[in-house]
Amino acid sequence: MLQVQTLRDERDRVLTGLEKRNIPDAAAKIDEITGLDDRRKELQARNDALLAERNQLSREIGDLFKSGKKEEAGTLRDRVNTIKEESATTETALAEVLVELDDRLVQLPNVPHELVPAGATPEDNEVYREYAGELPTLSDDAKPHWELAEEYGIFSLELGVRTTGSGFPVFTGQGARLQRALVNLFLDRNTAAGYTEYAPPLLVNEDTARATGQLPDKEGQMYHVQTDDLYLIPTAEVPLTNLYRGDLLEPDQLPVRLTGYTPCFRREAGSYGSHVRGLNRVHQFDKVEIVQVTTPEESYAKLDEMVAHVGGLLDELRLPYRILRLCGGDMGFTSAMTFDFEVWSAAQKRWLEVSSVSNFETFQSNRLKLRYRTERGTQLVHTLNGSALALPRIIAALLENNQSQEGILLPEVLHPYVGTDRLQRIN
RNA sequence: GGAGGAUUGGCGGAGUGGUUGAACGUGCCUGAUUCGAAAUCAGGUGUACCCUCACGGGUACCGGGGGUUCGAAUCCCUCAUCCUCCGCCA
């Protein structure tokens, strides 16, 4: 959530930014918000004055009682009662304005960073780093991962349908082992890079979902457990970032670096078709996440650092990838700058997104009320996160790119984790 | 799931209706003392919003929400969390 103060102080920057996101009537929306905020201030000032008067009179009543002047006290009491009525009216009005203000504010997405390209669709994304080598090519009989999955017994979507429904893969045998190996590899690399490992809850309450911006924007994307009013996490970002909700950090506590492995649950309503076959898009998948909490001065350096770290993971896996800087229209609601990592799938002949690394600046910390202490007072921190990495498409790419007569040849880094240098056909 | 107890400032811990944003201790900061330090002494030390160029002032916050009252950390209701005991259980 943006701060009203930002809308006032940096109106032009906000407008230029929102334009990149193709937000209609941004200026009018901002004016409406600042107008509501003016009204809020006015009502609050009025109410504070009323309460000040009430407090003063109450003190006097106390003194009068002590000195036994009951009648005078009675007169004052009547006056206080009048003030209370007025105050009640003002408070009701204030509460209404606050709700309205919040409603408007949560509908505004984050302001894209200056370097974020304008644009509406993925075609407008900037290729930030092209793959340096030659993209691998496979023979024409190369198979997509969903066919390899059957041949090698990696996972089964049919079994998932039996237990749950479509889009819930069941990993089996060496597939399950491969998945676990990747989780371990990623966690090891992340903790070695200074991220502290957490295993957070997979269900979160509404406040948590709101603070990182999943609500109200992505209401329909999350599974909601209505009986207990809890949401299944769509990413570990949600519980991990919320670990610090409401905190006031000392400068020496920054940067905070967290990592966590969790399953992620996404309803993905309405996405069907050939491009979502196999593991390309599923309702439940595993992901290892990294999160940083840092100062505004350092946050973009940390973003670079995270991008480099994720790139390192893909290098180790020997997967060809490119990095995109997302355009305003393709970027998530809460992000100020996002880099997507796409791995080349040689069999599908297309790029698959495997990681998204973003700087949210103060958009989340404002909601989280997560600040740190500076010489000049308290200030909102910047929060960042990224996938390091999301598993399904990594598995898809590993299967497809490394298929051979001799089996699926695993990159060296995985050998100790999987306990073998290749996966064997079972069918 | 049942019964009882608890929830106060960075920490510990007072406070059961009237200058209590909150005693006292401790921690931290500044100053004095010291060659320096320790000890000691003096002063300061929460957050948010609003007004003010500033000095300064106002309001709110003692787990969350609501209520009673002229006035609530203090009384009432409700929710949450923690602890103890019982039950159940991976």
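Because only heavy atoms are used, hydrogens play no part in the values below, and waters and symmetry mates are left out as well, while side chains stay in. Throughout, protein chains are lettered first and strands after them, A, B, ... in sequence-line order, and every chain is numbered starting at 1.
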Exercise. Which of these passes side chain to side chain contact (heavy atoms under 4.5 Å, CB included) with A:I395: A:L148, A:V354, A:L279?
Worked result: A:L279

Exercise. Between A:E158 and A:R162, does at least one N-O distance fall below 4.0 Å, as a salt bridge requires?
Worked result: no

Exercise. Taking NZ, NE, NH1 and NH2 as the nitrogens, is one of them in A:E114 or A:R13 under 4.0 Å from a carboxylate oxygen of the other?
Worked result: no

Exercise. Roughly how many Å is it from CD in A:E86 to P in B:C70, rounded to a whole number?
Worked result: 17 Å

For this session: Please state how far atom CG in A:L94 lies from atom P in B:A60, giving the value in whole angstrom units.
Result: 13 Å

Exercise. Can you check whether A:N47 has a side-chain N or O nearer than 4.0 Å to OP1 or OP2 of B:U59?
Worked result: no

For this session: Using a cut-off of strictly less than 4.0 Å, decide whether A:N55 has a side-chain nitrogen or oxygen near OP1 or OP2 of B:A60.
Result: yes

Exercise. Hey, are A:K29 and A:E32 close enough for a salt bridge, meaning a charged N less than 4.0 Å from a carboxylate O?
Worked result: no

Seminar exercise, completed: In Watson-Crick or G-U wobble terms, with both distances under 3.5 Å, the base opposite B:G43 is B:C29

Seminar exercise, completed: Each nucleotide of nucleotides 44-51 of chain B classed B (base within 4.0 Å of a protein heavy atom), S (only sugar-phosphate) or -, in 5' to 3' order, makes ---SSBSS

For this session: Answer with base, sugar-phosphate or nothing: what part of the nucleic acid does A:D78 contact at a heavy-atom distance below 4.0 Å?
Result: nothing

Problem set entry | d(CG, A:D207; P, B:G65) in whole Å | 11 Å

For this session: Run the ring-centre check on A:H113 versus A:Y300 and record whether the distance is less than 6.0 Å.
Result: yes

Exercise. Only one of A:E53, A:R54, A:R59 clears side-chain hydrogen bond (donor to acceptor under 3.5 Å, both in side chains) with A:Q56; which?
Worked result: A:R59

Exercise. How long is the line joining CG of A:L50 and P of B:C70, in whole Å?
Worked result: 17 Å

Problem set entry | A:Y372 OH to B:G10 C1', straight-line distance once rounded to whole Å | 20 Å

